[in-house]
Number of protein chains: 2
Amino acid sequence: MTVRQDVHSSGTPVLCQSCEARHHGVCGALDPDQLMGLAKTSSKHTVEPGAELIGDTEAVDSYSNVLSGVVKLTKSLSDGRQQIVGLQFAPDFLGRPFKVESAINAEAATAVSLCSFPKAAIERMMKESPELEHRLLKQTLNELDEARNWMVTLGRKSASEKVASFLLMIARNIDPALDPSAQSTSFDLPLTRADIADFLGLTIETVSRQLTRLRSDGVIRIENNRHVTVDNLNRLQRRSGA
Amino acid sequence: MTVRQDVHSSGTPVLCQSCEARHHGVCGALDPDQLMGLAKTSSKHTVEPGAELIGDTEAVDSYSNVLSGVVKLTKSLSDGRQQIVGLQFAPDFLGRPFKVESAINAEAATAVSLCSFPKAAIERMMKESPELEHRLLKQTLNELDEARNWMVTLGRKSASEKVASFLLMIARNIDPALDPSAQSTSFDLPLTRADIADFLGLTIETVSRQLTRLRSDGVIRIENNRHVTVDNLNRLQRRSGA
DNA sequence: CGGCAGCCTTGATTTCGGTCAAAGCCGCCC
DNA sequence: GGGCGGCTTTGACCGAAATCAAGGCTGCCG
């Protein structure tokens, strides 16, 4: 579904001067001088689940790297119907270059730690550093690819295929190190049933019923409503509609 | 739904040396020397509706600007279910920089004229010209925005809202000069009912029924199954779910 | 002109997922 | 412990859209 590995494949994680963590993303594209400049105004911080990171209400003047946790990108219709249009995992980049008008919301789905940079600083650097813009282009192409893959799921898959696809997608993203040939895996769901429904274009009840079915069919196990174990990834994949 | 104007807002149409037409897109980002170099290997050509422009079968080694007509981007599940994940209108750019793996198909929905460049030439120039990459980034961000908007339509709108949204989207894109405050408009549908169904995640029959309803409710008129007239765009918009 | 092929529309029926309603579970705080 | 609130599950029923099945329109070609 995704080819996340490709995004930041160029180069190893870089010691970010500002948040003092080793991570990919923006920092990796900057030379030491630029990093120094950026460090003065950037900062690492952590937010609770539910915290709004980008809203149509407030203008946002910063970009961030997601260091850990999951951020959901949502859009709403005027009557309140909501759709999650993307999930950002570490080490994705969060922000809207060139102020593309889009009325998108970003909210922490889990506890999230971020490394943020002021918008002005990044935009200035983007003019100077083609490498930075190149990385952004790659991430954006990747997000576009994911969005289009998800459009197939939304438009053409049945409820049970949608839920299976969702579980696979999460399994692949939560643990980026997951061997693509792995046969089993185990992870915490970063979303509530309501979020999953908003992501899949379903209702809470339908999501719950499909999870129950996967459980009683022995495809998955769930503990505490959050922790999912998949013993046979192939079985799940067969139910995802390919 | 879209902010197409922004994409190519930087600069006026440029006389493309290769296809000898004035257009935006790639050419506008190149200096005269680069254009000259490109002209040697690029060409303008026209294809019939149904022609496959990018397929998972054959490797594609060129990029193109769409000069006129409509190109549909599709994805399919293994059992044949299909979803249209995007439409490209002039002056959109067609191609996959950096070979992002995505199993996408591109097919001419109408007669299409293109100005094509060999992949190698463009990629070489992208390394030299940050401006070119900048344009690509802008178009990609725009496509991402459109894809995410469409995800809301696919996931959360009813069949009648989907069809209304589709008509509005086409009206806004077919005639880029359409005044956003215009009250009425008229255009040819670039897609068959089957294509519209694949775009909206519906069946042919449902699309047909919804069009019939819009017609009998006096919101639209249709001649020859293709030519649509909307006398009151606001009425259509109210049915699109906003 | 006549027949055929490709689209499109319309109607009857089925079904998947939504809606409405109730109850369970679990953690939390008094 | 007990009660409360939020999230989840389950059940009964309903309805929007899919499916199945004709039939119509148009343009093309013999």
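Values in this document were obtained by computation on a predicted structure and should not be read as measured data. Letters A, B, ... mirror the listed sequences (proteins, then strands); counts begin at 1.
Of the two residues near DNA chain C, A:Val207 and B:Thr206, the one whose nearest nucleotide lies more 5' is B:Thr206. If you find the closest nucleotide of DNA chain D to A:Ala194 and to A:Arg156, the one lying nearer the 5' end belongs to A:Ala194.
Across the protein-nucleic acid pair, A:Asp198 atom CG and C:dG18 atom C1' stand 14 Å apart, rounded to whole Å. Rounded to whole angstrom, the span from the CZ atom of A:Arg81 across to the C1' atom of C:dT19 amounts to 15 Å. Taking atom CG of A:Leu154 as the reference point, atom P of D:dA17 lies 16 Å away to the nearest angstrom. C:dT9 atom C1' lies 14 Å from atom CD1 of B:Ile196, rounded to whole Å. As rounded to whole Å, 17 Å separates atom P of D:dT26 from atom NE2 of B:His227. Atom P of nucleotide D:dG6 and atom CD1 of A:Ile204 are separated by 13 Å, given to the nearest angstrom. Separating the CZ atom of B:Arg209 from the P atom of D:dA16 is a distance of 13 Å, rounded to the nearest angstrom. Atom C1' of nucleotide C:dC16 and atom NZ of A:Lys162 are separated by 11 Å, given to the nearest angstrom.
A salt bridge links A:Arg239 with A:Asp217: the closest approach of a Lys/Arg side-chain nitrogen to an acidic carboxylate oxygen falls below 4.0 angstrom. Under 4.0 Å is where a charged nitrogen must lie from a carboxylate oxygen, and between A:Arg148 and B:Glu143 at least one such pair does.
DNA chain C is contacted by B:Thr212, B:Arg215 of residues 210-224 of chain B, taking any non-hydrogen atom closer than 4.0 Å.
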Trace of the side chain to side chain contact (heavy atoms under 4.5 Å, CB included) decision for B:Leu114 with B:Lys44: CA-CA 6 Å; B:Leu114 299 162; B:Lys44 178 178 176 181; over 6 Å; no
Verdict with reasoning, A:Asp198 to A:Thr74, per side chain to side chain contact (heavy atoms under 4.5 Å, CB included): CA-CA 9 Å; A:Asp198 280 348; A:Thr74 67; over 6 Å; no
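Distances were taken from every side-chain heavy atom of B:Asn225 (C-beta onward) to each of C:dC8, D:dT10, C:dG18; the shortest belongs to C:dC8. Nearest nucleotide to the B:Glu205 side chain, out of C:dC8, D:dC20, D:dA12: D:dC20. Set against C:dG17, D:dA17, D:dA12, the side chain of A:Leu202 has C:dG17 as its closest nucleotide. The nucleotide whose nearest atom lies closest to any side-chain atom of A:Ser208 is, among D:dT19, D:dT9, D:dA17, D:dT9.
Residue B:Arg226 places no side-chain atom within donor-acceptor reach of the base of D:dT26, judged by atom type and a 3.5 Å distance cut-off alone. Side-chain atoms of B:Arg193 and base atoms of C:dT10 include no donor and acceptor less than 3.5 Å apart.
Between B:Tyr63 and B:Phe93, the two ring planes are tilted [angle within 30° to 60°].
Surrounding CZ of A:Arg235 are more than 12 heavy atoms belonging to other residues, nucleotides or ligands, all under 6.0 Å away.
Using a 4.0 Å heavy-atom cutoff across all strands shown, A:Thr192 reaches sugar-phosphate atoms only and no base atom.
The distance from the OG1 atom of B:Thr140 to the CG atom of A:Asn142 is 11.5 Å, given to the nearest 0.5 Å.
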